[in-house]
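Take a look at the structure below.
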Amino acid sequence: MSENNSSELVKRRLEELDHLEKMGVNAYPYSFDKTHTSQEINDNYSDESPELFEKVAIAGRIMALRRMGKSTFLTIQDQQGRIQIWFNQKLTPEKYDQIKLWDIGDIIGVKGPTFRTKTGEITVKGADFELLTKSIKPLPIAKEEVDDEGNKILHDAFSDKELRYRNRYTDLIVNPKIREVFTKRSLIISEMRRYFDSNGWMEVETPILQSIYGGAAARPFSTHHNTLDISMYMRIALELYLKRLLVGGFEGVYEISKNFRNEGMDKNHNPEFTMMEIYVAYKDYNWCMDMTEDLIKTLANKANGNLILNVDEIEVDLSESFERTPWFALIKKYTGMDLFGKSKDELLGDAKTLGVHVESTDSKTKILDEIFSEKVENNLQKPTFVTDFPLEMSPLAKKHRSTEGLVERFELYMFGQEVGNSFSELNDPRDQRARFEEQAKDKAAGDEDAMMLDEDFLNAIEVGMPPAAGLGIGIDRLVMMLTGQSSIRDVLFFPQMKPRK
RNA sequence: GAUUCCGUAGCUCAGCUGGUAGAGCACUUGACUUUUAAUCAAGUGGCCUCGGGUUCGAAUCCCGACGGAAUCACCA
């Protein structure tokens, strides 16, 4: 539909392109040697020594065009920012007519000296220029105003979320703030790699297509391998393969990659999302808490230059030590009830008392989880390590060294959301088998999310996995918190959308 | 999956008590050699998401479909 509506505009631009080619202009040349970025010029130009920018070559997309007869001002945008260009018929008498055939959206290269206009704007003089790409489709361009304090105000900005997500490339061109979020995302992930690499932990890749899925409680996407004629699943977690590598003798391995879960979508869930998991041999969850806290603080500092985070109206200060509180203590704090050691029937009664909706067929794990999600999670805005989970909830975590019925596990919560999950990893093969058998019972009782028994994984554990700490971090959620976004769609370049008819 | 709200020009929106479509920006033409939301003048541009219904008449009311957003449910 929009094809037809914009066809007049497209037709006109195609005519211009034709016209340019008749003038002997190649509208799609092969390269351009740029010497500077807009930012380098904007940040470093000084009126005392304009000769430093006597000869610059810059390239970018035309974002604003102010024609004034024999003189033309335009603003181009490159990856770093925007800069004004000034053209004048006197400067380029033979080529000036070409400029009349340019449009907003075209990509050009310009060579010339830098100067400051009467009104004080740093500007590149178009002593020579070249069209680098003619744009055929018009952009949803918004006028940009700079107020007295230097703040940029976009008027009637391209804001339709559906169109923005479906045409992300347009969104990125037209909404510079969006680009910042993704630049930070990239920075956060590369700093995370640097952090791990500098400790000697190794980045690895493990299968995404698996014949048995595991490592988390979730429904998978399933597919089919034609040659082998077997069902296969897209992975829901990284854990079980990374642990096999610990068995194989690597002492620190991590992977940053997509997981896939066939479940609901909302502002915190996308069917494919990025997970980081790391396993370090000979360490336990106490060590891992220290490491996680240091990692999060390091990343926040790199991304924002400080330790204050803001999402929606809520501010979180990371500079204090993260709170560490046991799971049952938090339940007690927010419900007044001590649920530790209670039977399933007692828990069912307690859930009802608390007004938490559960079914009598639900497993003990599920009831506990429901109570925690409803009564506790929202209170955990400040970074909090929730420690020492009930054993039933954690089939891959090692039993607590001093308290029966608990495991050595923590989850890091911020802004009421889980960002990290960690255990002292279970490496006793007898216990691991028993836990899987427990899961199988839950599954038989109707818990769809209970884990499958993975004989091959058990075999690896039987060969012997060293004691280890493991940590998983949901990268998308972490990026949301570190960039102040409240929807996962705003930290994914291409969030899942229903296909257009 | 449920509920609520939304879908009008390329973009941002108005039009809502039913009478056949409007603004700003973008685009076109003209003027303009330091402008910057450039300005001034004159224009072009719509199957009002789609399909049914009510009505003499529907962008407007009703039903359905398709997309989107929010909340909930599901979901470590």
Side-chain angles (χ1 to χ4, degrees), chain A residues 1-13 15-16 63-75 82-91 96 100 103-105 115-121 123 125 137-147 152-167 170 174-175 215-219 236-237 259 261-271 273 275 357 365-366 368-370 372-373 377 386 389 393-396 409 411 413 417-421 448-449 451 472 474 477 486-487 489 497-501:
Chain A
M1 182 197 79
S2 64
E3 311 277 321
N4 295 331
N5 288 345
S6 60
S7 69
E8 280 303 308
L9 297 171
V10 171
K11 205 174 132 201
R12 189 192 55 72
R13 288 193 176 201
E15 283 165 9
E16 279 176 354
M63 298 303 288
L65 201 46
R66 295 179 288 279
R67 298 182 206 274
M68 306 179 48
K70 295 191 174 78
S71 197
T72 299
F73 288 86
L74 54 79
T75 305
R82 294 181 174 193
I83 193 163
Q84 178 168 267
I85 316 286
W86 178 62
F87 295 103
N88 189 288
Q89 189 163 41
K90 255 195 210 159
L91 293 170
Y96 190 77
K100 294 179 181 164
D103 288 292
I104 288 173
F115 71 109
R116 194 183 287 276
T117 62
K118 267 188 202 165
T119 47
E121 178 133 352
T123 301
K125 194 180 282 186
K137 282 258 165 107
L139 288 172
I141 205 77
K143 293 263 174 168
E144 190 182 284
E145 183 184 14
V146 181
D147 70 12
K152 286 171 184 161
I153 305 162
L154 279 180
H155 295 271
D156 301 324
F158 180 53
S159 59
D160 183 295
K161 287 197 171 181
E162 179 179 359
L163 289 175
R164 284 185 41 220
Y165 297 147
R166 287 188 194 281
N167 296 343
T170 304
V174 146
N175 291 320
R219 263 172 284 175
I236 56 172
N259 282 352
R261 297 187 183 176
N262 205 343
E263 279 153 5
M265 300 155 57
D266 60 34
K267 63 179 180 171
N268 291 309
H269 299 84
N270 195 66
F273 62 100
M275 183 66 113
H357 178 78
T365 308
K366 177 127 196 217
L368 288 169
D369 198 23
E370 285 294 325
F372 189 86
S373 318
E377 279 189 5
V386 181
F389 280 60
M393 293 178 69
S394 318
L396 301 165
R409 171 181 181 179
E411 284 190 346
Y413 275 82
Q417 286 274 325
E418 181 204 337
V419 251
N421 184 18
E448 284 186 57
D449 290 332
M451 289 185 199
R477 285 190 190 169
S486 54
S487 171
R489 294 187 200 93
M497 301 286 279
K498 269 199 194 179
R500 261 241 199 269
K501 278 202 355 173

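The structure displayed is predicted, hence computed values, not measured ones. Numbers restart at 1 for each chain; the letters A, B, ... are given by sequence-line order, proteins then strands.
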Checklist entry - With respect to the phosphate group of B/rU71, does any side-chain polar atom (N or O) of A/Lys267 fall under 4.0 Å of OP1 or OP2? => result yes
Next on the checklist: Measuring only the C1' atom in each nucleotide, how far is B/rG10 from B/rG52? A whole number of Å is fine.
Outcome noted: 31 Å
Checklist outcome for this item: Looking only at B/rA76, B/rU28, B/rU12, the nucleotide nearest the A/Arg12 side chain is B/rU28
Checklist entry - Between A/Gly264 and A/Arg13, which has a closest nucleotide on RNA chain B that is more 5'? => result A/Arg13
Checklist entry - Is A/Arg67 side chain donor-acceptor paired with the B/rA31 base, going by distance under 3.5 Å alone? => result no
Checklist outcome for this item: Checking N1-N3 plus N6-O4 or O6-N4 for Watson-Crick, or N1-O2 and O6-N3 for wobble, each under 3.5 Å, the partner of B/rU4 is B/rA69
Checklist entry - Can you check the A/Asn167 CG to B/rG67 P distance for me, whole Å? => result 17 Å
Checklist entry - Between B/rA38 and A/Lys143, is there an OP1 or OP2 to side-chain N/O distance shorter than 4.0 Å? => result yes
Checklist entry - B/rU28, B/rC74, B/rA76: which one has an atom nearest the side-chain heavy atoms of A/Glu418? => result B/rA76
Next on the checklist: Under 4.0 Å, counting only non-hydrogen atoms across every strand here, what does A/Gln417 touch: a base, just sugar-phosphate, or nothing?
Outcome noted: nothing
Item to check | Carboxylate-amine/guanidinium proximity below 4.0 Å for A/Glu145 and A/Lys143 | outcome: no
Checklist entry - Rounded to the nearest Å, what distance is computed from the NZ atom of residue A/Lys498 to the C1' atom of nucleotide B/rG68? => result 10 Å
Checklist entry - Taking atom C1' in both B/rG22 and B/rA14, what distance in whole Å separates the two? => result 7 Å
Next on the checklist: Applying the Watson-Crick and G-U wobble criteria at under 3.5 Å, what pairs with B/rG24? Answer none if nothing qualifies.
Outcome noted: B/rC11
Checklist entry - Does the side chain of A/Lys366 get closer than 4.0 angstrom to OP1 or OP2 of B/rA76 through an N or O atom? => result no
Checklist entry - What interatomic distance, in whole Å, is found between P of B/rA42 and the corresponding atom of B/rU4? => result 48 Å
Checklist entry - How many Å lie between CD1 on A/Ile141 and P on B/rC27, as a whole number? => result 9 Å
Checklist entry - Any donor and acceptor pair, going by atom type alone, linking the side chain of A/Asp266 with main-chain N or O of A/His269 inside 3.5 Å? => result yes
Checklist entry - With rounding to whole Å, what would you report as the distance between B/rC11 and B/rA37 at their C1' atoms? => result 15 Å
Checklist entry - Within the structure, does a side-chain N or O atom of A/Lys161 lie under 4.0 Å from either OP1 or OP2 of B/rA69? => result no
Next on the checklist: As a test of reading the structure: which of B/rG68, B/rA37, B/rG24 is closest to the side chain of A/Asp156, going by heavy atoms?
Outcome noted: B/rG24
Checklist entry - From B/rC27, B/rU33, B/rC75, pick the nucleotide closest to the side chain of A/Glu263? => result B/rC75
Checklist entry - In the structure shown, which nucleotide is the Watson-Crick or G-U wobble counterpart of B/rG64, with both distances under 3.5 Å? => result B/rC50
Next on the checklist: For the P atoms, the ones on B/rC5 and on B/rG64, what distance do you get once it is rounded to whole angstrom?
Outcome noted: 13 Å
Item to check | Per A/Lys118 side chain, nearest of listed nucleotides B/rA76, B/rU34, B/rG68 | outcome: B/rU34
Checklist entry - To the nearest Å, how far apart are A/Asn421 CG and B/rA76 C1'? => result 7 Å
Checklist entry - In whole angstroms, how far is the P atom of B/rC25 from the CG atom of A/Asp160? => result 22 Å
Checklist entry - Rounding to the closest angstrom, what is the interatomic distance between B/rG7 and B/rG19 at atom C1'? => result 24 Å
Checklist entry - Does A/Asp147 come within less than 4.0 Å of A/Lys152, counting only side-chain N to carboxylate O? => result no
Item to check | Separation of the P atoms in B/rC40 and B/rC50, to the nearest angstrom | outcome: 36 Å
Checklist entry - With a non-hydrogen cut-off below 4.0 angstrom, is A/Gln84 in contact with a base, only sugar-phosphate, or nothing? => result base
Checklist entry - When the distance from NZ of A/Lys70 to C1' of B/rC32 is rounded to whole Å, what number comes out? => result 9 Å
Checklist entry - Under 4.0 Å between a side-chain N or O of A/Arg489 and OP1 or OP2 of B/rA69? => result yes
Checklist entry - Which atoms form the tightest heavy-atom contact between A/Lys100 and A/Arg67, and what is the distance? => result CA-NH1, 3.4 Å
Item to check | Check: A/Arg219 main-chain N/O paired with A/Glu263 side-chain donor or acceptor under 3.5 Å | outcome: yes
Checklist entry - Closest to the A/Thr123 side chain: B/rU34, B/rG67, B/rU35? => result B/rU35
Next on the checklist: Can you tell me which nucleotide in B/rU12, B/rU35, B/rC75 comes closest to the side chain of A/His269?
Outcome noted: B/rC75
Item to check | Watson-Crick or G-U wobble partner of B/rA38, both distances under 3.5 Å | outcome: none
Item to check | N or O in side chain of A/Arg166 less than 4.0 angstrom from B/rG67 OP1/OP2 | outcome: no
Checklist outcome for this item: Against the side chain of A/Met68, the closest entry in B/rC75, B/rC27, B/rC32 is B/rC32
Next on the checklist: Would the distance check show the side chain of A/Asn175 and the main-chain N or O of A/Phe158 forming a donor-acceptor pair, the cut-off being under 3.5 Å?
Outcome noted: yes
Checklist entry - So, A/Asn167 side chain and A/Thr170 main chain: donor-acceptor pair closer than 3.5 Å or not? => result no
Checklist outcome for this item: All heavy atoms of A/Ile236 vs all of A/Arg261, minimum pair found to be O-NH2, 2.8 Å
Next on the checklist: On RNA chain B, does the nearest nucleotide to A/Ala217 precede the nearest nucleotide to A/Met265 from the 5' side, or the other way round? Give the residue.
Outcome noted: A/Met265
Checklist outcome for this item: Here the distance between atom C1' of B/rG10 and atom NZ of A/Lys11, to the nearest Å, is 16 Å
Item to check | A/Glu8/A/Arg12 salt bridge by N-O under 4.0 Å criterion | outcome: no
Checklist entry - To the nearest angstrom, how far is A/Phe73 atom CZ from B/rA38 atom C1'? => result 10 Å
Item to check | Strand partner of B/rU33, provided both Watson-Crick or wobble distances fall under 3.5 Å | outcome: none
Checklist entry - With both distances kept under 3.5 Å, what pairs with B/rG18, Watson-Crick or G-U wobble? => result none
Checklist outcome for this item: Taking B/rC11, B/rC75, B/rU33 as options, the one with an atom nearest any side-chain atom of A/Ser71 is B/rU33
Checklist entry - Between B/rA21 and B/rA38, how far is it from one P atom to the other, in whole Å? => result 32 Å
Next on the checklist: Tell me if the side-chain of A/Glu8 makes a donor-acceptor pair with the base of B/rU28, cut-off 3.5 Å, by modelled atom types.
Outcome noted: no
Checklist entry - Using purine N1 to pyrimidine N3 plus N6-O4 or O6-N4 for Watson-Crick, or N1-O2 and O6-N3 for G-U wobble, both under 3.5 Å, which nucleotide pairs with B/rA76? => result none
Checklist outcome for this item: Closest to the side chain of A/Asp266, out of B/rA73, B/rC32, B/rA69, is B/rA73
Item to check | A/Arg66 side-chain N/O to B/rA38 phosphate OP1/OP2 under 4.0 Å | outcome: yes
